[in-house]
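Just so you know, these numbers use all the heavy atoms, side chains as well, and skip hydrogens, waters and symmetry mates. Just so it is clear: chains get the letters A, B, ... in the order the sequence lines come, proteins before strands, and each one is counted from 1.
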Amino acid sequence: MYTQALDVQGSDPAAPADDVSRERHFEARIEREEKIEPKDWMPARYRATLIRQISQHAHSEIVGMLPEGNWITRAPTLLRKSILIAKVQDEGGHGAYLYSAAETLGVSRDQLIDQLLAGKAKYSSIFNYPTPTWADVGAIGWLVDGAAIMNQIPLCRCSFGPYARAMVRVCREESFHQRQGYDIMLRLAQGSVEQKRMAQEALNRWWWPALMMFGPPDAESIHGTDSQRWKIKRFSNDELRQKFVDFTVPQANFLGLTLPDPRLHWNDAEQRYEFGPIDWGEFDQVLKGNGPCNAERLTARRRAHSEGAWVREAATAYAEKQQRRASNRAA
Amino acid sequence: MDDKRQWPLYEVFIRARGGLDHKHVGSLHATDARMAIDHARDLYTRRQEGISIWVVPSAAITASDPSEAEALFEPARDKIYRHPTFYDIPDEVKTL
Amino acid sequence: MMAAAKNVARLLYRYVLRVGDLNLVLGQRLGEWVGHAPALEEELGLANVALDLIGQARLLLAYAGELEGRDRSEDDIAFMREQGEYLNPTLVEQPNGDFGQTIVRQVLIGAFQSELYERLVDSADERLAAIASKAVKECRYHLRYSSDWLVRLGDGTQESHARAQSALERLWPYTTELFAEDDLDREMADCGIAPRLSEVHAAWSVRIDALLAEATLDRPRDRAYRWFGKQGEHSEHLGYILADMQYLQRAYPGARW
């Protein structure tokens, strides 16, 4: 779902003959569920698709540290504060694993970060929404991490080795994230009148954006086929979204909270929940940069990066001095 | 955007528990080996997953060429006598 | 005998608060960096220190709650005291400033914590000794992390050197408070619960001198003005820190989170 705007435009130029046979060999490897590793031959579009998808995923983790990070100083108990710091730290770590995986494909992390800060790279729409209350921290853990897990588990079997392995590591760490979010919501829902209202209002705010995380409807996703054939994307947007709804509705019912969808109902014949229409207009606007917090998130990242430049330069300068000293001593 | 030189890339290997080999877990950026060790600790051992860390500048690693995989690795497949299963050990000799 | 024991408990309560509040307020300050650090790796590094400090604060403040004898939890102690009841040294309230100022603050206080915890491991108070045994290992890592950075900044570029030196000048005056022995410190040392601050000071000074030399930084002159955070008299900063930290507990009294 961090890959919702994934689209690789344009068609392949006429490929040279041996590239065609290489591509056939490559597709056969994928068919056999073999893992593609960084030094293996791969079609240019496979490489480009992965760089874009993995870097979007990485950017999402980094930007995602902000909406929750902003509640660290105001967490209501020391335990919650500790858990939140650990969670946000994990997210930074996930970003690092993912940038590492992207770098195996021949880009540098600095290039990717420059693209993000220049507004040229996409990241998950969900992090452009505000976290005005503590309940939003709970809602993010429960719904956003929940949606992320739904997407990330199949990615553990992605054809590209470094991405799949990064996803295995991420998934191991992610289940604690969702559980702590649900735990926050449970405590609120069982708490005072004000706390229950806080939880309900947060759910109202996050439900639809969470559903949008899975990307546009399959009918409108014309570029999914390569990703599915190359076993980068194992399930369609709609499949994952449906699965998420089916899992999450009973969880909301257990909390005693109401989902903000008057059309939501159980379809017994199809054994699934039917839900109302998603406002794709809003989704488009958020992706274009007109969501409630796009500007703030990017500004924060730009500031951190530019205010930290002297620090990064100092570290490099010191390392160079040490190297010179070492070689002078050796001489 | 500002600094022209990025921190070099290091590959990280972790020994999870006593008795195990160091395993490649990923990479990170650092300006020198000491920083790389500290970063590796913070990045890869937050859940007590390691007792020993090796870091190596990525540039120092030489990798075999996948296109030479046949030449490098296939001949070994014929030499089955390297594998213990080639030998028929009588059942009475239990400890081999 | 009973009165003497009660008195020691009361004193110990205040002493444990001093150690615990130092961690609480410093952890709170470091928590502000999340999402804004100079590099992804430093996000993790600073968050790691913050997490450890909050963990130590929890152990200490839970103990303080027990010593107080009013059945208050670690959270009651952390969130529901008035400003004058916090006994952290003024140094840890100081703003993060730039990364250089945060690192300088971390080195100055971290070296103090290391020397303190190494001696508290032998405290006559078993609980404090146990907490110190755990904390000393974490502190060693924090000091390694921040010392390494102090050297990189001090001996890095002209700009980083200037920033580090000016942070040092700005924060140095707050260090005298760490070693200013008052009645509480004397009593705790007499009981064998805490080390003599003069001893801690001497060890700290040796460490800091070596580190500043390696970082090519100049040790500032000691200045006369004294601070009294550890006696509950704080700078303007603590008010803002507490307003943030205590907000939810104060806005929803009695709520469980």
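Side-chain contact between W310(A) and D98(C) is present, with at least one heavy-atom pair separated by less than 4.5 Å. At a threshold of 4.5 Å between non-hydrogen side-chain atoms, the residues S82(A) and R58(C) count as touching. For the pair H36(C) and R303(A), the minimum side-chain heavy-atom distance is 4.5 Å or more. Residues V34(C) and N70(A) are not in side-chain contact: their nearest non-hydrogen atoms beyond the backbone lie 4.5 Å or more apart.
Contacts of R163(C) with chain A are made by side-chain atoms alone, with heavy-atom separations under 4.5 Å and no backbone atom involved. When heavy atoms are compared at a cutoff of 4.5 Å, F99(C) approaches chain A by way of both its backbone and its side chain. Heavy atoms closer than 4.5 Å to chain C are found nowhere in A319(A), neither backbone nor side chain. Heavy atoms of N48(C) lying under 4.5 Å from chain A belong to its backbone as well as its side chain. For chain C, no part of L186(A) is nearby; none of its heavy atoms comes within less than 4.5 Å. Looking at R301(A), the atoms closer than 4.5 Å to chain C (heavy atoms on both sides) all sit in the side chain, from C-beta outward. Residue L24(C) touches chain A through its side chain alone, counting heavy-atom pairs closer than 4.5 Å. Within the 4.5 angstrom heavy-atom criterion, only side-chain atoms of Q195(A), from C-beta onward, approach chain C. Residue contact with chain A, scored on non-hydrogen atoms closer than 4.5 Å, involves the backbone of A37(C) exclusively. Using a 4.5 Å cut-off between heavy atoms, Q28(C) touches chain A through backbone and side chain atoms alike. For W33(C), no part lies near chain A; criterion is any non-hydrogen pair under 4.5 Å. When heavy atoms are compared at a cutoff of 4.5 Å, M198(A) approaches chain C solely by way of its side chain, counted from C-beta outward.
Contact count versus chain C (heavy atoms, under 4.5 Å) is highest, among G69(A), A75(A), P76(A), for P76(A). By number of non-hydrogen pairs under 4.5 angstrom with chain C, the leading residue of L188(A), L66(A), L84(A), T77(A) is T77(A). In terms of heavy-atom pairs under 4.5 Å with chain C, the best-connected choice from I62(A), I72(A), V311(A) is V311(A). Comparing A304(A), G308(A), A314(A) by heavy-atom pairs within less than 4.5 Å of chain C, the highest count is held by A314(A).
Without hydrogens or angle criteria, R187(A) side chain to R256(C) main chain gives no donor-acceptor distance under 3.5 Å. No donor-acceptor pair under 3.5 Å is formed between the side chain of R74(A) and the backbone N or O of L248(C). Using modelled atom types, one side-chain atom of K321(A) and one backbone atom of D155(C) make a donor-acceptor pair closer than 3.5 Å. Side chain of Q89(A) to main chain of L44(C): a donor-acceptor pair is present (N/O by atom type, distance under 3.5 Å, no hydrogens or angles).
Between I54(C) and L78(A), the closest heavy-atom pair is CG2-O, 4.0 Å. Counting all heavy atoms, side chain and backbone alike, Y252(C) lies closest to E194(A) at CE2-CB, 3.7 Å. The two residues A317(A) and T157(C) come nearest to each other via the heavy atoms CB-CG2, 3.7 Å.
Counting heavy-atom neighbours within 6.0 Å of N328(A) CG, excluding the residue itself, gives a total above 12. The neighbour count for R170(C) CZ, taken as heavy atoms of other residues, nucleotides or ligands under 6.0 Å away, does not exceed 12. Around atom OH of Y247(C), no more than 12 heavy atoms belonging to other residues, nucleotides or ligands sit under 6.0 Å away.
To the nearest 0.5 angstrom, K81(A) atom NZ is 5.0 Å from F79(C) atom CZ. If you take CZ on R152(C) and CZ on R312(A), they are separated by 14.5 Å, rounding to the nearest 0.5 Å. A distance of 10.0 Å separates OG1 of T73(A) from CD1 of I241(C), quoted to the nearest 0.5 Å.
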